[in-house]
Amino acid sequence: MSPGALPGFRDFYPTELAERSYIFGGWRDVARRYGFVEYDGPPLEPLDLYTKKSGAEIVDQLYNFTDKGGREIALRPEMTPTFARMVAARANAMRKPVRWFSLPQLFRYERAQRGRLREHFQLNMDIVGEADVSADAELLAAAIDVMRVFGLTSEDVVARVSDRRLLNALLAGIGVTSEQLPAAYAALDKLDRDPREVLEQRLAAAGLSVQTAAQLFELAGATADEAAFSQLVDAAGATAEWETLRSYLDHLESLGVRDWVRVDLSIVRGLAYYTGIVFELFDAKGELRAICGGGRYDTLLESLGGVSLPALGFGMGDVVLGELLRVRGKMPASEPAVDVWVAYGDSGTVEDAMRVAAKVRARGRSVEYALGSQKLARQLKAAYAAGAKQTLVIATPELSANEAMVRRKDEKVELRVQLDEWIAGA
Ligand code: HAM
């Protein structure tokens with residue numbers, strides 16, 4: 001058996017790491033443009049941080065163990081509980097709203113499949129201390145701007161948005177009780193994945209009548225016809241909730257991202273702590289899993305740290321995003337790493353190459369040369385294989401001590417240069 005990474009874990013060879021760095025670069029760029037500052041937390045946390053707050057699906061997927069001190073520990077499966085814990089601990093001293101971002105590696109024992117691994121990186125952007133819907137709009141605009149920074153358009157990606165407060169009011173309007181809400185949410189969440197009969201059976205087991213179950217499925221598609229939907233909202237007495245969602249959409253228009261967004265009441269999000277507007281980003285063809293998901297969680301900080309502050313955020317994974325960029329041809333090929341290759345001829349030794357390399361590196365350029373002693377022809381082959389942008393040849397019988405020949409990649413002509421001058425301008 002050849003040793004390999006564990007199932008669902010990745011080896012990042014330089015090509016894959018270049019792709020990861022490209023994604024991280026875009027994430028950091030957008031987070032900075034929106035005024036977010038970076039933080040991090042520990043990759044291991046007390047188990048009960050998740051068992052109490054994250055919801056059953058994530059708890060089933062935890063990597064957990066007892067440490068040598070007898071503590072129950074878990075590898076972080078998501079960042080939100082850590083973020084909420086950290087902010088809650090210092091909330092009084094912080095300027096609000098808090099706008100923080102992080103790029104954690106997360107671990108979930110999932111069935112590895114397309115777009116789902118057992119480790120992934122996430123961009124997390126979260127805001128604390130702002131209850132107004134403008135904060136929700138700001139966050140979704142940031143998530144969409146990440147798509148733009150990678151060259152994707154509203155033809156490639158759609159943001160599906162909903163509001164749990166509106167959904168709760170509408171569900172109450174068709175007779176779903178608060179005890180039945182988790183089952184109703186779970187059915188909506190699985191609408192695209194599980195067969196209708198299976199969902200109906202689960203709803204029946206939770207005590208929903210056949211008629212209520214049918215109305216629930218209708219609700220999921222109801223926003224397509226705005227006039228009919230308004231009637232539904234009126235009938236359920238959910239006008240205030242609908243108005244909030246409407247002003248969210250207006251803000252998204254002002255932020256220049258409205259054409260990416262669609263209201264879709266089947267977006268409920270699997271995690272237990274969301275309380276208001278929720279959203280997910282998907283590839284428009286619907287072939288991949290969600291790229292990103294988030295929403296408002298106004299009660300989590302209070303339950304973790306005793307400070308009552310509204311909060312909201314999202315997580316965007318690198319796996320689905322990377323896959324989408326590759327299938328759309330938007331993932332750039334990795335750049336050759338080395339700027340200059342120093343080769344030496346028969347009149348010199350590797351020591352001469354070392355002295356020149358040291359000076360060029362001091363100018364900030366990346367430099368390689370053949371280690372050990374090699375013939376010039378072999379050194380030039382190595383320079384070519386490394387994709388060096390420039391090759392500098394020193395110490396051949398035709399050159400004086402302060403001379404070199406320089407050739408740029410993909411150019412035929414060689415230039416004779418004064419070595420000191422060339423290094424000073426490198
Ligand atoms: P989530 O929906 O569990 O939310 O994850 C967010 C995104 O992370 C998903 O849309 C997906 O792209 C990626 N992701 C999740 N699990 C995996 C996996 N096993 N393999 C690859 N990618 C994955 C959260 O984690 C929330 N804590 C987000 C949040 C932040 N809400 C508020 N603030």
Side-chain angles (χ1 to χ4, degrees), residues 20-21 23-45 49-50 53-55 57-58 61-62 74-91 94 96-108 110 115-117 119-130 135-147 149-150 159 161 269-281 289-298 300-301 304-305 309-322:
R20 185 174 108 188
S21 301
I23 289 178
F24 282 18
W27 282 350
R28 286 205 165 92
D29 175 30
V30 174
R32 181 192 54 77
R33 281 197 263 144
Y34 277 75
F36 283 62
V37 290
E38 190 165 359
Y39 73 99
D40 200 359
L44 293 177
E45 289 276 20
L49 188 63
Y50 308 108
K53 303 297 166 209
S54 291
E57 193 167 320
I58 276 203
Q61 299 166 344
L62 282 173
L75 270 169
R76 61 186 176 194
E78 59 155 337
M79 197 62 178
T80 312
T82 301
F83 168 76
R85 177 178 66 67
M86 287 170 64
V87 173
R90 300 208 183 155
M94 287 180 188
K96 291 181 231 20
V98 171
R99 297 155 88 99
W100 281 10
F101 81 98
S102 191
L103 268 52
Q105 188 175 24
L106 306 173
F107 304 89
R108 299 183 189 181
E110 297 214 44
R116 278 288 174 277
L117 299 175
E119 55 73 27
H120 70 286
F121 290 89
Q122 256 187 26
L123 164 66
N124 274 245
M125 289 178 72
D126 290 83
I127 298 177
V128 171
E130 185 51 71
D136 299 75
E138 179 85 341
L139 262 186
L140 180 53
I144 290 172
D145 262 331
V146 172
M147 300 298 109
V149 99
F150 292 122
V161 305
R269 311 271 302 125
L271 295 157
Y273 45 68
Y274 294 109
T275 55
I277 287 178
V278 284
F279 70 88
E280 287 187 325
L281 259 54
R289 307 281 302 253
I291 305 165
C292 164
R296 187 170 270 285
Y297 50 95
D298 282 347
L300 186 62
L301 268 78
L304 285 175
L309 279 172
L312 59 157
F314 70 79
M316 181 185 297
D318 66 327
V319 181
V320 181
L321 177 60

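What's counted below: heavy atoms across the whole structure, side chains too, no hydrogens, waters or symmetry copies. Fair warning: this is a prediction, and the values are worked out from it, not measured in the lab.
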Starting at [atom1] of [X], measure out to [atom2] of [Y] and round the result to the nearest 0.5 Å.
{"X": "Leu140", "Y": "Phe314", "atom1": "CG", "atom2": "CZ", "answer": "8.5 Å"}
{"X": "Leu103", "Y": "Arg28", "atom1": "CG", "atom2": "CZ", "answer": "5.0 Å"}
{"X": "His120", "Y": "Glu110", "atom1": "NE2", "atom2": "CD", "answer": "8.0 Å"}
{"X": "Arg76", "Y": "Ile58", "atom1": "CZ", "atom2": "CD1", "answer": "13.0 Å"}
{"X": "Ile277", "Y": "Leu139", "atom1": "CD1", "atom2": "CG", "answer": "10.5 Å"}
{"X": "Leu44", "Y": "Phe107", "atom1": "CG", "atom2": "CZ", "answer": "8.5 Å"}

Non-hydrogen side-chain atoms of [X] and [Y] separated by less than 4.5 Å:
{"X": "Ile144", "Y": "Phe279", "answer": "no"}
{"X": "Glu45", "Y": "Pro81", "answer": "no"}
{"X": "Thr80", "Y": "Tyr273", "answer": "yes"}
{"X": "Met316", "Y": "Met147", "answer": "yes"}
{"X": "Leu304", "Y": "Leu49", "answer": "yes"}
{"X": "Phe36", "Y": "Val30", "answer": "no"}
{"X": "Tyr274", "Y": "Leu312", "answer": "no"}
{"X": "Glu130", "Y": "Glu138", "answer": "no"}

Mark yes or no for whether [X], through its side chain, and [Y], through its backbone, hold a donor-acceptor pair below 3.5 Å.
{"X": "Arg116", "Y": "Val320", "answer": "no"}
{"X": "Ser102", "Y": "Tyr39", "answer": "yes"}
{"X": "Asp318", "Y": "Phe121", "answer": "yes"}

What's the shortest heavy-atom distance between [X] and [Y], and which atoms?
{"X": "Pro77", "Y": "Leu62", "answer": "CG-CD2, 3.4 Å"}
{"X": "Leu281", "Y": "Ala143", "answer": "CD2-O, 4.0 Å"}
{"X": "Pro42", "Y": "Thr82", "answer": "CD-CG2, 4.2 Å"}
{"X": "Ala91", "Y": "Leu309", "answer": "CB-CD1, 3.7 Å"}
{"X": "Gly26", "Y": "Val149", "answer": "CA-CG1, 3.9 Å"}
{"X": "Ile23", "Y": "Gly322", "answer": "CD1-CA, 3.9 Å"}

Review point. Just checking, is any N or O donor in the side chain of Asp126 or Tyr297 under 3.5 Å from an acceptor N or O on the other one?
Key: yes
**Study point:** Verdict with reasoning, Glu78 to Arg108, per side chain to side chain contact (heavy atoms under 4.5 Å, CB included)
**Key:** CA-CA 9 Å; Glu78 59 155 337; Arg108 299 183 189 181; 3.8 Å; yes
Check your understanding: Is Arg296 salt-bridged to Asp136, cutoff N-O under 4.0 Å?
Key -> yes
Exercise for review: Salt-bridge test for Glu280 and Arg269: reply yes if a basic N is under 4.0 Å from a carboxylate O, no otherwise.
Suggested key: yes
Check your understanding: For atom CZ of Arg33, is the number of surrounding heavy atoms from other residues, nucleotides or ligands below 6.0 Å larger than 12?
Key -> yes
Practice item. May I have the step-by-step check of side chain to side chain contact (heavy atoms under 4.5 Å, CB included) for Met125 and Trp27, ending in yes or no? Key: CA-CA 10 Å; Met125 289 178 72; Trp27 282 350; over 6 Å; no
Revision key, fill the gap. Those residues at least two apart in sequence (or on a different chain) that pass side-chain contact (heavy atoms from CB on, under 4.5 Å) with Val37 are Trp100
Check your understanding: Run the side chain to side chain contact (heavy atoms under 4.5 Å, CB included) check on Val278 and Val161 step by step: do they pass?
Key -> CA-CA 6 Å; Val278 284; Val161 305; over 6 Å; no
Review point. Ring centroid separation for Phe101 and Tyr34, is it under 6.0 angstrom?
Key: no
